[in-house]
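Inspection log for the structure reproduced underneath, given as C-alpha cells.
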Protein chains: 2
Amino acid sequence: MAAAPKNPRPCSIADTLALVGEKYSLLVLREVCLGNGRFDQLVRNTGAPRDILTTRLRRLVDAGILDRRPYSERPPRFEYRPTRAGLELEPVLMTLMAWGDRHLHADDDRPMVIEHACGHELVPQVICPACGDTVRHEDLTAHPQAAGWTVAGPAVA
Amino acid sequence: MAAAPKNPRPCSIADTLALVGEKYSLLVLREVCLGNGRFDQLVRNTGAPRDILTTRLRRLVDAGILDRRPYSERPPRFEYRPTRAGLELEPVLMTLMAWGDRHLHADDDRPMVIEHACGHELVPQVICPACGDTVRHEDLTAHPQAAGWTVAGPAVA
DNA sequence: CCCGGTGAGTTGGAAAATCAAACCCTCTCC
DNA sequence: GGAGAGGGTTTGATTTTCCAACTCACCGGG
C-alpha cells in the first residue's frame with residue numbers, strides 16, 4: 001500500500017511533503033501550534049471534513065509530528081499537540097504566512113500578526129547561520145548528493 | 001470556479017497553500033528554481049502525470065509565481081521560470097528541506113546540499129529581523145486581526 | 001427516566017481529482 | 001520519409017474528497 005516510493009529523485013522537500021503536503025495537514029499543524037488541538041476545533045477551524053481530518057491526524061501522529069493525548073478518562077477524550085518535531089515545522093508555517101502577507105494582502109489587512117518575545121512584530125526571515133546574511137536565490141548553489149539530478153543553474157524571470 | 005473561498009477563517013497560510021499547496025506544485029517550484037523549467041524535465045523530475053502538470057503550471061502562471069516564456073519560435077517551445085514572487089517562495093522550500101534533512105535522513109545521507117555564497121553549507125534558519133534571534137515557538141504570541149479566531153495559547157507535548 | 005447536547009469519531013454514496021497510456025502536431029535531423 | 005524530441009490533450013479507470021447522517025459514550029437538567 002505504501003511500497004512504491006515513486007520518488008523520481010531523492011529529495012528532502014519531497015520527503016517532507018509526503019508527510020505534511022496533503023490537503024489540510026499544515027492547517028491542522030497551524031491550529032495545533034495555536035493550542036486548538038481538539039477534534040471539533042480542528043473541524044471548525046480548518047474546514048476539513050471529519051473523516052479526512054481523522055486520516056490526517058492519524059498520519060501526523062504516526063509520523064511523530066503530533067501527539068494524541070487524553071485530557072479526560074471517562075468519557076475518553078483526546079487532544080492533539082505538536083511534538084518537538086512538529087514544532088520544528090513552524091518555520092514552514094512562518095514562511096508561508098510571510099509570503100501570503102506580502103503577496104496576497106494589503107499591509108493593513110493581514111489576518112494575523114505574530115509578536116516576538118523581543119516586542120516587535122515578527123516578519124520571519126531566512127538566514128544562513130554561518131554568515132548571518134539573508135538568503136537570496138542568487139547566493140545559492142545546489143550540490144546534489146545522489147544520482148539522477150540535473151541542475152541547469154539558476155534562472156530568473 | 002474560484003468564487004467560494006470556503007476559508008473557515010482568514011489566514012495567510014491557508015491563502016498561500018491555496019496557490020501552492022496542491023500535490024506537485026512545490027516540487028514544480030523546486031525544479032524551476034533549479035533551472036529545470038521545461039515540460040519534460042518537470043515530468044521526469046517531479047513524477048507528476050502530464051495532464052496534472054499542465055493544470056499546475058497554468059495555476060502557478062496565473063498566480064504570478066511562474067512565467068511561461070518561449071525559448072524557440074518555430075516550433076513554439078516554452079520554458080517556465082520563477083517570477084520574483086516565485087523566488088520569494090524559496091524560503092518555504094528551504095525550511096521544508098531543512099526539516100526533512102534533520103528528521104528524515106542521516107547526516108551523511110542528505111539528498112542535496114546547498115552552498116551559500118559565504119562558502120558554507122546552508123542550514124536555513126528563521127530569525128526575527130528586529131532582534132536577530134532565532135525564532136522559537138515559546139517566544140511567539142499570536143494576535144488575530146479578524147473575527148473568528150480562538151487562540152488557546154501555545155501547548156507543547 | 002427521558003431529553004437534549006457535546007465530543008470524537010465511522011459509514012455510505014455521489015462528486016471531483018488523479019493516474020497511466022495513448023494520441024496529436026510541429027518541427028529537426030539523418 | 002522515418003525516427004525522434006518537445007509540449008501538450010484525450011480517454012477511461014482508479015482514488016480521494018466531500019458531505020450528511022449515524023453511532024457511541026457521557027453529562028446535566030427536569
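Letters go in sequence order (proteins before strands), and every chain restarts at 1.
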ask   = What distance do B/S25 atom OG and B/R59 atom CZ have between them, rounded to the nearest 0.5 Å?
value = 8.0 Å
task = Please answer whether the main-chain N or O of A/I65 pairs with a side-chain N or O of A/T83 as donor and acceptor at a distance below 3.5 Å.
result = yes
Rounded to the nearest angstrom, tell me the gap between atom [atom1] in [X] and atom [atom2] in [N].
| X | N | atom1 | atom2 | result |
| --- | --- | --- | --- | --- |
| A/I52 | C/dA14 | CD1 | P | 17 Å |
| B/L42 | D/dG7 | CG | P | 9 Å |
| A/F39 | C/dT6 | CZ | P | 16 Å |
| A/D51 | D/dC22 | CG | C1' | 13 Å |
| A/E79 | C/dG9 | CD | C1' | 16 Å |
| B/R44 | C/dA20 | CZ | C1' | 17 Å |
| B/E22 | C/dA17 | CD | P | 9 Å |
| A/R59 | D/dT16 | CZ | C1' | 14 Å |

inquiry  = Can you confirm whether A/H120 is buried at NE2, in the sense that more than 12 heavy atoms of other residues, nucleotides or ligands lie under 6.0 Å from that atom?
reply    = no
With a 4.0 Å cutoff (strictly under), does any side-chain N or O of [X] reach OP1 or OP2 of [N]?
| X | N | value |
| --- | --- | --- |
| B/Y80 | D/dG6 | no |
| B/K23 | D/dT16 | no |
| B/Y24 | C/dA17 | no |

5' precedence on DNA chain D between A/R77 and A/R56 (nearest-nucleotide basis) = A/R56
Result of checking B/E31, B/Q41, B/R68, B/R38 against B/Y80 for side-chain hydrogen bond (donor to acceptor under 3.5 Å, both in side chains) = B/R68
task = Side chain of A/T54 only, please: which of D/dG7, C/dT10, C/dA8 is the nearest?
result = C/dT10
